[in-house]
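Below, read A as the first sequence line, B as the second, and so on, with proteins coming before strands; counting in each chain starts at 1.
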2 protein chains.
Amino acid sequence: MKESKPATIKEIARRLKLSPSTVSRALNDHPSIGLVTTERVKRLAAELNYEPNQTAIFFKQRKTFTVGVVLPSLSEPFFSAAISEIENVANEKRYTVIMGQSLDDPDRELRILQTLKTHRVDGVLMSIGKNTQDYRFIELLEGAGIPIVFFDCVPDLGDVNKVVSDLESGMLEAIDVFVSCGHHAIALINGPALLPASAERKKAYIKGLNQHGIPVKDEYIVNTDLTPEGNEAAILQLLSLPHRPSAVVSFNDYVALDVMKAVRQKGLALNQDIHFISYANYPLWKYMENPPMASIEQFPGEQGKKAASLLFELIDAKERSKPVHVVFKSRLISQG
Amino acid sequence: MKESKPATIKEIARRLKLSPSTVSRALNDHPSIGLVTTERVKRLAAELNYEPNQTAIFFKQRKTFTVGVVLPSLSEPFFSAAISEIENVANEKRYTVIMGQSLDDPDRELRILQTLKTHRVDGVLMSIGKNTQDYRFIELLEGAGIPIVFFDCVPDLGDVNKVVSDLESGMLEAIDVFVSCGHHAIALINGPALLPASAERKKAYIKGLNQHGIPVKDEYIVNTDLTPEGNEAAILQLLSLPHRPSAVVSFNDYVALDVMKAVRQKGLALNQDIHFISYANYPLWKYMENPPMASIEQFPGEQGKKAASLLFELIDAKERSKPVHVVFKSRLISQG
DNA sequence: CTGTTAGCGCCTTCAA
DNA sequence: TTGAAGGCGCTAACAG
């Protein structure tokens, strides 16, 4: 039952003594084709295991029904959650997803985008890497008529489409919770200073303290380069302060993991001597003996979903529209 | 600088008063074209930002330089590690990867394969879902000339290409370690009984006990459906035995997480009252206060890499060859 | 309702 | 060394 050559419209037409266009129309349920003809065509098509040659259709329609997704790393649960939703939205729209991991390497990121372009994807969803500085690729793609929507880790530019989590509301909630538990010495372990995401966190942190009339102490704000060593150094710096903080908001869960480990090794009791809340990216807190008090959830699934639907709107739109910015509120989730 | 219509070979030919065929040949460094012509063509091509239309090439060459990857879930670190290596191998070969998550749903799995087929991928890499029983899709793909290589979770059939971890060597090592630590009451929390992977584990477990002259007790072998509830039920069953085991090998890390949590809740001390080793799929053990003694590593990266290179061999081969089976040895990695 | 014609962009004989 | 012609499979404008 193996077909050496897959059946074509031509073949069906020949056998049925019809023209290829009639067959094509019949297969696509074109209204102008008689019911009987349509039936005959479909029956034979089924018999021959006919399947339209997508590559021919892509070629003709100048559309590939494919979108590209570029993100730093699939092994981050945040992104695997996001891409799952993206996949779902794409499937509904009958689109296929091509995915590439930049691994925070700008060159690799560029190569992936190049591939996506030559593959003529209809659109791109992207979360940029930590080290990406050069945004010229955006014009490259948009110049080729490929719309692009950024999500989560987005460039600090006004004229691009982006979907992000606000970072602020969660931070304010976190500080509210800390304060209501009696904490006043609240520190921030922030990410690399030049990351926009770090600037936002810092701003929110300061705003949160201000709301409670707590003075901002410079020594309570430390940075990490997000490596395990950097994370450890950051917490040690805080612990060595004369008046060490009793509560810490950390850049993300991975930072929190390293930091909490270091705290344990120092012989301090988690959730007693010192308390943590971090921006969430889904380690398996529920299995830990001493998880952080709470996490600031950023809803990767929602972000991915929204970014994808936005992209499809752009793909379907004829005109290029004004850049769209969508902001999701982050929210504190207790890990109790 | 935005091109409304991307440049084509025809366009270049028109401007240079050459024929399209000459331009095509020049761009492909065909030896029969004069050096000067080739230069002129290439220069103009660069100027016009000419890029070959892949969709046209795919169509003409009857090849898409695309491979599909189907796996249960990206959120399992095992698979994200595997797909990263697959991506790398594919990139080297200048192939693109289309990925789909089955989420252990056979219908969804089938839909993904259908999509891959209509997209005319050149080959498929696949790890089947837990609930997949019907393997007819294999003929569907191979009938269409699409080679398929299974990895990790593979069908229990002889005539397919597969790359797996052996499961046995790691289990034997695990039992060796337990025994050398003085354990004799060694239990197995296995997966669903009808999973080939469960049968293999059980066989290895029995072999391991036999090697040490330890009698196999039926009540020390329990099964879980891999849900959190099933995992908890399994360990409770073991704990309720009159002579409860002091050492347990569990189906995988996720089972171990649930199981160890239940053990803690029962007030037992991990790594004291009861010890664990599990087949690894990468939770963040290094951050845990009481990780399992060791993990049986299955090298997802290696498996993915091997499966991918195998697939490319099959794609490049003219003839259909005998099915290939590759087995990686699993190995015990201490979590000390 | 159905057929004819033409062309998407590229490559590849065949002919000059 | 170059050009002309044809075709991959499908669709769509234009005729009947």
Side-chain angles (χ1 to χ4, degrees), chain A residues 3-42 44-45 48-66 94 117-122 144-145, chain B residues 3-42 44-45 48-66 94 117-122 144-145:
Chain A
E3 326 100 80
S4 42
K5 289 283 171 203
T8 70
I9 282 192
K10 242 180 180 164
E11 172 69 7
I12 297 178
R14 200 179 52 70
R15 298 214 195 190
L16 256 36
K17 300 198 187 312
L18 287 170
S19 84
S21 21
T22 305
V23 173
S24 166
R25 286 188 274 239
L27 290 170
N28 291 304
D29 289 313
H30 194 288
S32 77
I33 299 295
L35 211 76
V36 276
T37 321
T38 305
E39 262 321 301
R40 286 205 318 142
V41 169
K42 288 200 170 175
L44 183 58
L48 297 177
N49 279 317
Y50 168 78
E51 280 189 63
N53 182 339
Q54 287 291 354
T55 66
I57 295 174
F58 293 163
F59 171 45
K60 175 130 231 306
Q61 319 235 295
R62 295 144 163 290
K63 240 187 105 98
T64 56
F65 294 97
T66 302
R94 327 230 62 208
K117 186 177 168 212
T118 62
H119 268 254
R120 296 274 211 274
V121 295
D122 296 331
Chain B
E3 328 99 82
S4 42
K5 288 284 172 203
T8 69
I9 283 191
K10 243 180 180 162
E11 172 69 7
I12 297 178
R14 199 179 53 71
R15 297 215 195 188
L16 255 35
K17 299 198 188 313
L18 287 171
S19 84
S21 17
T22 305
V23 174
S24 167
R25 285 189 272 242
L27 290 171
N28 291 304
D29 288 312
H30 194 288
S32 76
I33 299 296
L35 212 75
V36 276
T37 320
T38 305
E39 262 322 301
R40 288 206 315 141
V41 168
K42 288 200 171 174
L44 182 58
L48 297 177
N49 281 317
Y50 169 79
E51 280 188 64
N53 181 338
Q54 287 293 351
T55 67
I57 295 175
F58 293 163
F59 171 46
K60 177 136 232 305
Q61 318 233 296
R62 294 145 165 289
K63 236 186 109 88
T64 55
F65 294 96
T66 302
R94 328 228 63 207
K117 187 176 168 213
T118 62
H119 268 253
R120 295 276 210 271
V121 295
D122 295 331

Nearest heavy-atom approach of A:Ala56 to B:Phe59 is CB-CE1, 3.5 Å

Sub-4.5 Å side-chain heavy-atom contact between B:Asp29 and B:Lys42 = yes

Measure the distance from CG on B:Leu18 to P on D:dT1 and round it to the nearest whole Å.
-> 15 Å

Checking D:dT11, D:dT2, C:dG3 against the side chain of B:Ser32 (C-beta onward), the nearest is D:dT2

Residue closer to the 5' end of DNA chain D, A:Tyr50 versus B:Ser21 (nearest nucleotide) = B:Ser21

Under 4.0 Å between a side-chain N or O of B:Asn53 and OP1 or OP2 of C:dC8?
-> no

Would you mind reading off the distance between B:His30 atom NE2 and C:dC10 atom P, rounded to a whole angstrom?
-> 17 Å

Listed nucleotide nearest any side-chain atom of B:Ile57, set D:dT1, C:dC10, C:dC8 = C:dC10

Output yes when at least one side-chain N/O atom of B:Thr37 is less than 4.0 Å from OP1 or OP2 of D:dT1, else no.
-> no

For A:Ser32, does its backbone N or O pair with a side-chain atom of A:His30 as donor and acceptor, under 3.5 Å?
-> yes

For B:Pro20, answer base if it contacts any base atom (sugar-phosphate contacts may also be present), sugar-phosphate if it contacts only those atoms, and nothing otherwise; contact means non-hydrogen atoms under 4.0 Å.
-> nothing

Can you find a heavy atom in the side chain of B:Thr64 that is under 4.5 Å from one in the side chain of B:His119?
-> no

How many Å lie between CZ on B:Arg14 and P on C:dC10, as a whole number?
-> 15 Å

Do A:Arg62 and C:dG9 share a donor-acceptor pair, side chain to base, under 3.5 Å?
-> no

Can you check the A:Ile9 CD1 to D:dA12 P distance for me, whole Å?
-> 11 Å

Verify the contact: side-chain N or O of A:Ser19 to OP1 or OP2 of C:dG3, cut-off strictly under 4.0 Å; return yes or no.
-> yes

Verify stack between A:Phe59 ring and D:dC10 base, 5.5 Å, 30 degrees = no

Under 3.5 Å, is there an N or O donor on one side and an acceptor on the other linking the side chain of A:Ser24 and the base of D:dA12?
-> no

Is the phosphate of D:dC8, meaning OP1 or OP2, less than 4.0 Å from a side-chain N or O of A:Thr8?
-> no

Should B:Lys10 be listed as having a side-chain N or O under 4.0 Å from OP1 or OP2 of C:dC8?
-> yes

Taking only the side-chain heavy atoms of B:Thr22 (C-beta and beyond), determine which of D:dC10, C:dC10, D:dG3 contains the nearest atom.
-> D:dG3

Please state how far atom CZ in B:Arg40 lies from atom P in D:dT1, giving the value in whole angstrom units.
-> 16 Å

Whole-Å distance separating the CG atom of A:Leu35 from the C1' atom of C:dC1 | 12 Å

Rounded distance (Å) that lies between atom C1' of D:dC10 and atom CZ of B:Phe58 = 18 Å

CG of A:Asp122 to CD of A:Gln61, rounded to nearest 0.5 Å, is 10.5 Å

Proximity to the side chain of B:Arg25 - top-ranked nucleotide from C:dT4, D:dG3, C:dC10 | D:dG3

Between CD1 of A:Ile33 and C1' of C:dC1 the distance, given in whole Å, is 6 Å

Closest non-hydrogen atom pair, A:Pro52 against B:Arg120 = O-NH1, 3.9 Å

